[in-house]
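Comments concern the structure below.
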2 protein chains.
Amino acid sequence: METAIEKLKSLKIKVTRSRVELLKFLMDNKGHFTAEDIFKRLQAQYPNLNLASVYNNLNLFDEHGMIRRLYTHREKAVWDADARAHAHFVCDVCGEIFDLDLPLIPEKYYLKYSGSFKVSHEEIIFRGICNKCAKKENI
Amino acid sequence: METAIEKLKSLKIKVTRSRVELLKFLMDNKGHFTAEDIFKRLQAQYPNLNLASVYNNLNLFDEHGMIRRLYTHREKAVWDADARAHAHFVCDVCGEIFDLDLPLIPEKYYLKYSGSFKVSHEEIIFRGICNKCAKKENI
DNA sequence: CTCGCGTATTATAATCATTCTAAACAAGCG
DNA sequence: CGCTTGTTTAGAATGATTATAATACGCGAG
């Protein structure tokens with residue numbers, strides 16, 4: 001298992017405290033986070049950390065394909081610590097994001113557009129209501 | 001063909017100038033627009049129109065299922081004048097949104113999650129580079 | 001047709017996520 | 001160990017969207 005520092009070095013990214021703490025957090029807490037989420041949770045162990053650094057490095061990690069920015073919520077950016085392509089379900093009531101382990105859409109599905117653009121990533125989002133919220137609303 | 005006013009009346013939405021102009025625009029210009037786009041293009045025929053009204057009514061129309069807010073771009077909201085479910089391709093370079101006429105994902109595809117949530121809408125976005133931008137970058 | 005209520009619009013200010021700026025600092029190379 | 005360059009920091013700026021409060025208007029009741 002590669003450590004955070006090893007991973008940064010292998011990608012030729014300068015090793016700084018912000019980056020190590022951020023990457024450790026992402027490796028230990030697979031999930032979906034806003035910059036603010038992460039910032040708050042890292043402050044305990046690194047009080048001088050700046051929110052701008054969290055943004056900078058989330059963007060940096062995203063450019064390196066280490067994480068993936070999701071476009072699930074309009075109000076704020078959410079990053080997925082798991083960069084592998086996978087579908088999501090988003091609850092319209094509570095806003096929670098669920099990972100779905102589903103096969104990718106085969107290329108033949110959109111073959112008729114293959115002359116018009118080159119697809120590098122596909123994003124599948126199902127929206128609706130999760131079980132938890134459905135139960136609450138029926139009371 | 002239903003007029004904008006008829007459509008508003010049939011939905012029991014109060015008929016105001018802002019709404020009629022906005023709805024006419026959306027019916028005549030099927031496409032993808034930001035609130036600002038629409039605001040600017042309506043100012044010629046309705047100089048007193050306020051941007052806040054554009055936002056209010058885009059949200060209202062969205063709630064009535066007349067249009068659909070897309071989650072394709074992080075910086076600003078984009079509305080699709082065509083509310084029917086369809087996939088999109090977004091160019092990472094120029095940002096343009098293309099409509100794709102593709103079949104919906106069959107329910108059996110995500111059957112294993114049918115006990116966990118109720119899907120009311122699916123969103124499929126392909127990202128990559130469009131032909132136009134690909135040509136430019138090769139020069 | 002007119003009145004009056006309730007809602008929409010307007011202009012402006014507020015909000016809030018994200019990015020920018022400039023100065024201080026630190027990583028890592030020689 | 002010092003230099004160079006890129007990073008962090010604190011704070012300010014930006015920009016999309018929403019809130020506020022006063023005015024105007026739609027439209028149903030009479």
Side-chain angles (χ1 to χ4, degrees), chain A residues 3-25 32-43 45-64 66-79 95, chain B residues 3-25 32-43 45-64 66-79 95:
Chain A
T3 68
I5 292 179
E6 283 162 3
K7 179 148 201 168
L8 290 172
K9 282 190 174 162
S10 76
L11 289 166
K12 303 207 193 315
I13 297 174
K14 205 189 253 187
V15 177
T16 67
R17 173 118 192 245
S18 300
R19 289 172 180 171
V20 174
E21 298 282 3
L22 176 58
L23 185 51
K24 267 189 192 159
F25 175 86
H32 315 96
F33 307 100
T34 65
E36 189 86 31
D37 288 341
I38 298 172
F39 176 62
K40 279 187 183 148
R41 294 189 49 186
L42 287 182
Q43 275 184 317
Q45 66 233 51
Y46 184 13
N48 279 343
L49 177 64
N50 192 286
L51 180 55
S53 291
V54 175
Y55 275 105
N56 283 340
N57 290 318
L58 284 171
N59 283 326
L60 181 74
F61 291 176
D62 192 17
E63 282 158 21
H64 280 83
M66 302 156 69
I67 60 176
R68 188 172 288 281
R69 190 201 304 270
L70 300 183
Y71 290 72
T72 48
H73 294 262
R74 190 178 26 94
E75 324 82 48
K76 44 177 80 174
V78 176
W79 279 271
Chain B
T3 68
I5 292 179
E6 283 163 3
K7 179 148 199 169
L8 290 171
K9 282 190 175 161
S10 75
L11 289 166
K12 302 207 193 317
I13 296 173
K14 203 189 252 185
V15 177
T16 67
R17 170 115 195 246
S18 299
R19 287 170 183 172
V20 174
E21 298 283 3
L22 176 58
L23 186 51
K24 267 188 194 158
F25 176 85
H32 315 95
F33 307 100
T34 66
E36 190 85 30
D37 287 340
I38 298 172
F39 176 61
K40 280 186 183 150
R41 294 190 48 187
L42 287 182
Q43 275 185 316
Q45 66 233 52
Y46 185 13
N48 280 342
L49 176 65
N50 193 287
L51 181 56
S53 292
V54 176
Y55 275 105
N56 283 341
N57 290 318
L58 283 171
N59 283 326
L60 181 74
F61 292 174
D62 192 18
E63 283 158 21
H64 281 82
M66 301 156 69
I67 59 174
R68 186 173 289 283
R69 189 201 304 271
L70 300 184
Y71 290 72
T72 48
H73 294 261
R74 189 177 26 93
E75 325 80 49
K76 45 178 78 175
V78 176
W79 279 271

Check the distance between [N]'s [atom2] and [X]'s [atom1] and give it to me in whole angstrom.
| X | N | atom1 | atom2 | result |
| --- | --- | --- | --- | --- |
| Asp37(B) | dA16(D) | CG | P | 11 Å |
| Glu63(B) | dT18(D) | CD | P | 11 Å |
| Leu60(A) | dG6(D) | CG | C1' | 11 Å |
| Tyr46(B) | dA24(D) | OH | C1' | 10 Å |
| Leu49(B) | dA11(C) | CG | C1' | 13 Å |
| Phe39(A) | dC16(C) | CZ | C1' | 15 Å |
| Lys12(B) | dG26(D) | NZ | C1' | 16 Å |

Legend entry - Residues from residues 18-25 of chain B lying under 4.0 Å of DNA chain D - heavy atoms: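 Contacting residues: none.
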Inset, instruction - Respond yes when some side-chain nitrogen or oxygen of Ser53(A) is under 4.0 Å from OP1 or OP2 of dT9(D), and no when none is. - result: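 Answer yes for this pair, as a side-chain N or O of Ser53(A) is under 4.0 Å from OP1 or OP2.
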Inset, instruction - Compare side-chain N and O positions of Asn50(A) against OP1 and OP2 of dA10(D) and report whether any pair is under 4.0 Å apart. - result: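 So the side chain of Asn50(A) is within the cut-off, an N or O lying under 4.0 Å from OP1 or OP2 of dA10(D).
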Legend entry - By side chain to side chain contact (heavy atoms under 4.5 Å, CB included) - contacts of Glu6(A) (at least two apart):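 Per chain and number, Glu6(A) pairs via side chain to side chain contact (heavy atoms under 4.5 Å, CB included) with Glu2(A), Thr3(A).
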Legend entry - Heavy-atom pair of closest approach, residues Lys24(B) and Ala4(B): CG-CB, 3.9 Å
Inset, instruction - Scan nucleotides 17-30 of chain C nucleotide by nucleotide, 5' to 3', and note B when protein non-hydrogen atoms come under 4.0 Å of the base, S if they reach only the sugar-phosphate, - if neither. - result: SSBB------SS--
Any [X] side-chain heavy atom under 4.5 Å of [Y] side chain:
| X | Y | value |
| --- | --- | --- |
| Phe61(B) | Leu22(B) | yes |
| Leu49(A) | Glu21(A) | no |
| Arg19(A) | Val15(A) | no |
| Met66(A) | Leu23(A) | yes |

Legend entry - Within 45° cone and under 6.0 Å: Arg17(A) NZ/CZ vs Tyr46(A) ring: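 Because its charged atom sits under 6.0 Å from the ring centre and within 45° of the axis, Arg17(A) does stack over Tyr46(A).
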Legend entry - Residues, nucleotides or ligands: over 12 heavy atoms within 6.0 Å of Leu11(A) CG: yes
Inset, instruction - Using a cut-off of 6.0 Å, state whether more than 12 heavy atoms not belonging to Ile5(B) lie near its atom CD1. - result: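 Atom CD1 in Ile5(B) is not packed in, count stays at 12 or less.
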